[in-house]
Every structure is written in structure tokens, then in C-alpha cells.
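Some notes on the structure that comes next.
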Number of protein chains: 2
Amino acid sequence: MTNHVGTAEPHAWQTGPLPAYPQADQTGLHAWQTVQALQNGENNPGAGPRAWQTVLDYIESLLQRGTLAPGDRLPGERALVAQLGVGRSSVREALRVLDVLGLIHTRSGSGPSSGATIVAAPRGGMSALMRLHVAVNGFPVADIVRTRLILETAVAIDLAGATPAPTLDRAVAHLEAMDDPALRAAEFLEHDAAFHLALAEASGNQVITATMAGLRSSIENYALVGTTRLPDWSATASRLRVEHRGILAAITARDTSAAGSLIHQHISNYYKETFGATPPSGSPAHPGATTPTTPPPGDTAHG
Amino acid sequence: MTNHVGTAEPHAWQTGPLPAYPQADQTGLHAWQTVQALQNGENNPGAGPRAWQTVLDYIESLLQRGTLAPGDRLPGERALVAQLGVGRSSVREALRVLDVLGLIHTRSGSGPSSGATIVAAPRGGMSALMRLHVAVNGFPVADIVRTRLILETAVAIDLAGATPAPTLDRAVAHLEAMDDPALRAAEFLEHDAAFHLALAEASGNQVITATMAGLRSSIENYALVGTTRLPDWSATASRLRVEHRGILAAITARDTSAAGSLIHQHISNYYKETFGATPPSGSPAHPGATTPTTPPPGDTAHG
DNA sequence: GTCACTATTGTGGTCTGACCACAGTAGCAC
DNA sequence: GTGCTACTGTGGTCAGACCACAATAGTGAC
């Protein structure tokens, strides 16, 4: 009853199962120790691995060999204490990390749904990571915007060229929600972000989706403050609505070049208008625009 | 003596200081609660914020308003206990999260260098996040490679077009290190990864650098296993050396188109060769290659 | 037998207190 | 001055005790 870890087969990777997954690095260092060593810039001699690292290593090894998969339950905290010979507080520190990283989800109480369950929710962890690193100026906002430019342009091009044409229902829904004139700036921005995120989701790339969620979340407060600087938020909102329609229209029309150009300009212009700064380069020549398609500046893309 | 939190002015953002940084969301929910709520998909009614979230919120607010900046020391754990009215274990859970995320660095002992210090080391956290999410199949390896394709292509184009020409000393150093014929596969891959990372660093984008470090780390073990599948690792290594030289040469020659094409093919081919799978699309047409420059396939780029 | 209530059990969440190893620093003996 | 020693404050860890909570087993009334 205490052994939640089943005997499930290792999950197959997209291109087929790996015959033998390496259990540890060739160096003999566990991954978490490596991370710590890199961060500390020292060898930490004589000191054994931290107790919480032991727990983290153990759980990671279970994940890597497929013993634990999404939906499975972790052994209880007290069971881990007994298995690994560490204190419960150390176990809880490790579980807390996995929690914030979006890998587990804990529930109190009894029954089959209680305890820590493996999930795969990278967005929360990515958002926390990026938001905090923006807060300590490790991630300059300009770099965040530059990265958005690169990823979103690639996503737009990908969507426009994808076969079969991707489903964009969710993006459209947020587009229409933004049409409500009674929307406050914060609410508008929420749908705005959701629209961009929906495009990433439509591309089907989990990594880009999570990354974009993190990028957006990290500058959420900046964007909100930025609206108060604009001379005329209403006018800006109108322009954004038009640009969004244009981007969507280009994707639907399977015009990769226009899609890339439009979304690049969309982000770049908004950044410039909001912060009055020189727009970050992103990439010097936005992709697919070697022969720049004249983008429809007006409402030609409506409906 | 116990108050490590100074009265430093808020750090200026690149485009100038923000006049008034919002202290909390308009919704009244703290960021961490929002993350939790999203992950849980529930409101968690009646239950107050978790104790460790309180600590995390507090520290994040200190970071956001600039009261804490890199190099500063956090209040001691026992001081936080007294300030926030939570137990020390809860404080430690929060600090552990910040530790793994690469935001603080803790040292035992006494003196001015002891305690938890604010740092900005996103790489470790990004690596941990991505590595674990690959382990639970939340991040398919194909998506990792696709994202690498997009980011590295953009980086290469950026570097080739940057003025003044960026310094590529570190990348060159790893290039030369890879020439050692006595290198084992694992060591070669280490320099290989370092080379690609050095390019990202040269672009000056902190976000991309950290992201690429995470992407690489997340599939490190896969790459290592992959080498054992290759029919002739030595031949592959030779080809990789040539391709690396070609990429560097294109950047040095300020040929944005070739730089983008070459690095795109480089990554795509290696993925295909190693895993024998259909190479991920990345972006349908690699940027800047609308008029494809015939890349030098041989060693024309040596030196 | 069926139903409603209650006690039990097992989960995470938290706090408290106690040690330990460690690294500076102050104090003292010389 | 110099060198040793004790002290102090730091994070790291463990053990134990509660609590709230949710499912379940058990118990009783009907």
C-alpha cells in the first residue's frame, strides 16, 4: 500500500525507445551536484551530497527510467524518509522544488488522489524562473522581447506553412474577446497574451509554448505599467486589434512571409511605443522577409 | 547586524527606471498563488496561502522593488522566521526553490560571505527545469531540437550581422579543443555544446543563452547514448568539426544567409544521423535563406 | 438490508527544538 | 605583534509533534 511506484515500462520516445538509458553521468557526478558545482564555482570538497539532492536525484532517476510517469503517485513523504535515510524536511525541500518546477502536484487527505502526483506542467515553473530572473535583472527586458521576436516569428512562419492547416480556434476566441470595448487594459493584455500563447500552442511545440508563457509572464507587470504611459491606450488597443487580425489572416492565407513580417512588426512596434526605446534587433533581418511582402497596414485583413 | 537588506535604490532598467513598480497584481492574487491555482486548476478555497509561498512572495517583492539586488545577502533564515511568522522549515523550502532556480547561493559559516546571497544564474535552473520535463515526457526531444534550430539559427544570423563584429574567442577555443583526436565522445560533445553555447553568449542575449544551456542539458544523455548508435563516430566527429568551422567562417565573413543555413543544416543533420528520425521542421524555411547561398560543403572554411 | 453517522487511517502542511559542521572574529596568552 | 583558542552566527539536518483534510471502515438506527 505504501509502494506507489509501479512497474510501468519505460515510456517510448518519439523516435523509438532507447535501448539503455544511462543512469548517471560518466563523470560520476549527479546532475544536481553538477548544477550546484557550476553555480557555486567550487568543488565543495569533503562535503557529501546534500540530503535534498539525494531525494531529487532519486526521483529524477525514477522519472528517467520511466518507473514514474505522469499520473503516477510518488511514494509518501514518510516512505521516502525511510527509503532514503534522510529527514522529512529534506524530502519536503526536494518535493517543493519539484512542485514549483511544475513536475508534481500535491494533495492532502486520503484516498487515491492524495499525495504527490507526477504532472507535466512546465509553464508554471518556466514563468516563475523567468519572472524572478527578470526581477534580479539577470534577464534584461530587452532580451525577453528579443527572444519573443525570434520565437513568435518562427511560430507564425511555421503555422502559415503547416500542413494540414492548424486549428486556431482558441486564438480566434481571444481575438474576439479583445473586441469588447469595455475591456480594461489589464483584461485586454490578458487576452492579448493568451492570443499569442494560443498561436504557440497551435504550433504543437511544447518547449516553445512553455517558454513563451514564461517570457510573457516575466514582463507582465512591465506591460501593465506600460499602458499607463501610453498617450492614448484606446488608440493603441485598436491598432493592436488590427494587427492581430492581420497576423491571423496571413497565417490562414498560408503566406509565411507576411505572417513572419507582421508579427515581427507587431511585437517590435508595441515595444517601441510602450517603452519609447529603440526596438531590440531580435534578428537583424526577420526571417522569410528577404523579399519583403508589403504588409497590409490597414484593416484589409479583417474578418 | 541582522538586517542584511540595505536601502539600495531600485536598479535601473535598460531603457530607464520605472517610476512606480506595481507591488502586486490587480487581481489581489500573488504571483505564486496564481501559478499554483493554474497548476491545480482549483481555487483552493478557505485555505490561506501556503507558508512557503508567503516567504517566496516576500523575497520576490524585495527583488522587484530593488531592495535586494545581486550581491546582497538575504536576511538569515531565523530572521525571516521572525519577520514573517512562519516556521524555519517553510523558510527553508522557499530558499531551496530559489537556490535551485539559480537566484540565491547559500554558504554556511560566519562572516560577510556567509548566508544566502542573491545571484543571477539562470542556467542551472533552466537546465534542471528542462531536464526534468524531458524526463517526464512533457518536453518531447523533437521539440527541444526544433527550438534549438530556431534559436541557434537566429543567433548565427544575429552574430553575422552584428556591428561591431562580436568576439568569438571562446567559441574558437572550444573549436580547437575539439580537434584533439584523442578526445572521447563525451568530451567531444562537451566542447561541442560549449561551442554552441559560446555563440549564444556572444550574441549577448541572456535569455537565449540560458535557454540554450537548458535545451542542451536536457538532451545531454540522449546525445551521449546517440553516439553509440553511430556506425562511425570518428567520421561523424570529423564532419562536425568541418561544419563548425564553416559556421564560424560564415559569421566572420558576415554572411548572414550562409551562417543561418549552415547552422540549421548542422543541427538538423546531426539529429537525423544520430537518431535516424525525420528531422524536425524547426521552421519550414530557415530564415535568411530565401535565396539560398550554396554553403561550402567541404573544408573551404578552414582556418 | 439500507442508510446515515462516526471513528479511524493516512496524507501533506507546519511548527518547534535540538543538534551538527563550518567559518569568521574576538579575546587572550605569550 | 603573533599565534592560538573560544565564541558566535550561519546554513544543514533530523526528530517529533501537532493540524487540516479526505477517504474509508466501522457502527448503529431504522
Side-chain angles (χ1 to χ4, degrees), chain A residues 1-4 32-33 36 39-40 42-56 59 72-100 104-119, chain B residues 1-4 32-33 36 39-40 42-56 59 72-100 104-119:
Chain A
M1 190 60 83
T2 55
N3 182 17
H4 303 294
W32 289 96
Q33 292 175 297
Q36 286 300 109
Q39 289 179 355
N40 298 357
E42 63 189 0
N43 295 347
N44 199 10
R50 294 274 154 257
W52 57 270
Q53 285 181 338
T54 304
V55 183
L56 228 31
I59 296 177
D72 293 347
R73 285 168 62 202
L74 249 63
E77 295 179 359
R78 293 162 179 88
L80 286 171
V81 167
Q83 291 176 29
L84 301 177
V86 299
R88 195 177 162 210
S89 53
S90 298
V91 168
R92 284 184 59 76
E93 285 181 24
L95 294 183
R96 187 62 54 229
V97 169
L98 295 176
D99 188 3
V100 171
I104 65 173
H105 164 53
T106 59
R107 288 178 69 94
S108 301
S110 178
S113 69
S114 70
T117 311
I118 305 286
V119 295
Chain B
M1 191 59 83
T2 56
N3 182 17
H4 304 294
W32 291 96
Q33 293 176 299
Q36 286 301 109
Q39 290 179 355
N40 298 356
E42 61 190 2
N43 295 347
N44 198 8
R50 296 276 156 253
W52 57 271
Q53 286 181 337
T54 304
V55 182
L56 229 28
I59 296 177
D72 292 347
R73 286 168 61 201
L74 248 64
E77 295 179 358
R78 292 161 180 88
L80 286 171
V81 167
Q83 291 177 29
L84 301 176
V86 299
R88 194 175 162 214
S89 54
S90 299
V91 168
R92 285 185 58 77
E93 284 181 25
L95 294 183
R96 186 63 52 231
V97 169
L98 295 176
D99 188 2
V100 171
I104 66 174
H105 163 51
T106 59
R107 288 179 70 95
S108 301
S110 178
S113 70
S114 70
T117 310
I118 306 285
V119 295

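Chain A is the first sequence line, chain B the second, and so forth, proteins listed ahead of strands; every chain is numbered from 1.
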What is the minimum heavy-atom distance between [X] and [Y], and which atoms define it?
{"X": "B/Thr106", "Y": "B/Ala116", "result": "CG2-CB, 3.9 Å"}
{"X": "A/Arg107", "Y": "A/Ser113", "result": "CD-O, 3.3 Å"}
{"X": "B/Arg73", "Y": "B/Thr117", "result": "CG-OG1, 4.1 Å"}
{"X": "A/Glu77", "Y": "A/Leu95", "result": "CG-CD1, 3.6 Å"}

Quick one: [X] [atom1] to [N] [atom2], roughly how many Å, whole number?
{"X": "A/Leu80", "N": "C/dG13", "atom1": "CG", "atom2": "P", "result": "13 Å"}
{"X": "B/Glu77", "N": "D/dT13", "atom1": "CD", "atom2": "P", "result": "10 Å"}
{"X": "B/His105", "N": "D/dG12", "atom1": "NE2", "atom2": "C1'", "result": "15 Å"}
{"X": "A/Glu93", "N": "D/dG12", "atom1": "CD", "atom2": "C1'", "result": "8 Å"}
{"X": "A/Leu74", "N": "C/dT11", "atom1": "CG", "atom2": "C1'", "result": "13 Å"}
{"X": "A/Asp99", "N": "C/dT14", "atom1": "CG", "atom2": "P", "result": "11 Å"}
{"X": "B/Arg107", "N": "D/dG12", "atom1": "CZ", "atom2": "C1'", "result": "15 Å"}
{"X": "A/Gln53", "N": "D/dG11", "atom1": "CD", "atom2": "C1'", "result": "14 Å"}

Handout entry: N or O in side chain of B/Thr106 less than 4.0 angstrom from D/dG12 OP1/OP2
Key =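 Yes.
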Practice task
Check whether any side-chain nitrogen or oxygen of B/Arg73 sits under 4.0 Å from OP1 or OP2 of D/dT10, and answer yes or no.
Solution key: no
Would you say that [X] contacts [Y] through its side chain, given a criterion of any heavy-atom pair below 4.5 Å between the two side chains?
{"X": "A/Ser89", "Y": "B/Arg92", "answer": "no"}
{"X": "B/Ile59", "Y": "B/Leu74", "answer": "yes"}
{"X": "B/Leu98", "Y": "B/Leu56", "answer": "yes"}

Exercise for the section: Scan B/Ser89 against the nucleic acid and name what it touches under 4.0 Å (heavy atoms): base, sugar-phosphate only, or nothing. Expected result: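 Contact class for B/Ser89: base.
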Practice task
Mind checking A/Val81 for me? I need base, sugar-phosphate or nothing, with any heavy atom below 4.0 Å counting as a touch.
Solution key: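 Counting heavy atoms under 4.0 Å across all strands, no contact is made by A/Val81.
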Exercise for the section: Give the nucleotide from the list D/dT13, C/dT14, D/dC14 with an atom nearest to the side chain of B/Ser90. Expected result: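 Within the option list, the nearest is C/dT14.
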Problem - Nucleotide nearest A/Ser114 when distance is taken to its side chain, options C/dG12, C/dT11, C/dG24 - result: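 Nearest nucleotide to the side chain: C/dT11.
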Problem - Inter- and intrachain pairs under salt bridge (charged side-chain N to carboxylate O under 4.0 Å, His left out), touching residues 109-119 of chain B, at least two apart - result: none
Fill in the blank from the handout: To the nearest 10 degrees, the angle between the two end axes of the helix from C/dG1-D/dC30 to C/dC30-D/dG1 (five pairs per end) comes to 30°
Handout entry: Which residues share a side-chain hydrogen bond (donor to acceptor under 3.5 Å, both in side chains) with B/Arg78, sequence neighbours left out
Key =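 Result, side-chain hydrogen bond (donor to acceptor under 3.5 Å, both in side chains) vs B/Arg78: none returned.
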Practice task
Taking B/Arg96 for its side chain and A/Ala94 for its backbone only, find out whether a donor-acceptor pair lies under 3.5 Å.
Solution key: no
Practice task
Take B/Pro112 and A/Arg92, find for each the nucleotide of DNA chain C with the closest heavy atom, and name the residue whose nucleotide sits nearer the 5' end.
Solution key: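 Result of the comparison: A/Arg92.
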Taking only N/O atoms, report every protein-nucleotides 16-19 of chain D pair under 3.5 Å with atom names and distance.
{"from": "D/dA17", "atom 1": "N6", "to": "A/Arg88", "atom 2": "NH1", "distance (Å)": "3.4"}

Are any protein N/O atoms closer than 3.5 Å to N/O atoms in nucleotides 7-9 of chain D? If there are, list each pair with its distance.
{"from": "D/dG9", "atom 1": "N2", "to": "B/Gly109", "atom 2": "O", "distance (Å)": "3.4"}
{"from": "D/dG9", "atom 1": "N2", "to": "B/Ser110", "atom 2": "N", "distance (Å)": "3.3"}

Exercise for the section: Using heavy atoms to find the nearest nucleotide of DNA chain D for A/Gly111 and B/Leu95 separately, return the residue whose nucleotide is more 5′. Expected result: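 Nearer the 5' end of the strand: B/Leu95.
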Practice task
Would you please name every residue forming a side-chain contact (heavy atoms from CB on, under 4.5 Å) with B/Val86, sequence neighbours left out?
Solution key: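 Result, side-chain contact (heavy atoms from CB on, under 4.5 Å) vs B/Val86: B/Ala51, B/Val55, B/Leu84, B/Ser90, B/Val91.
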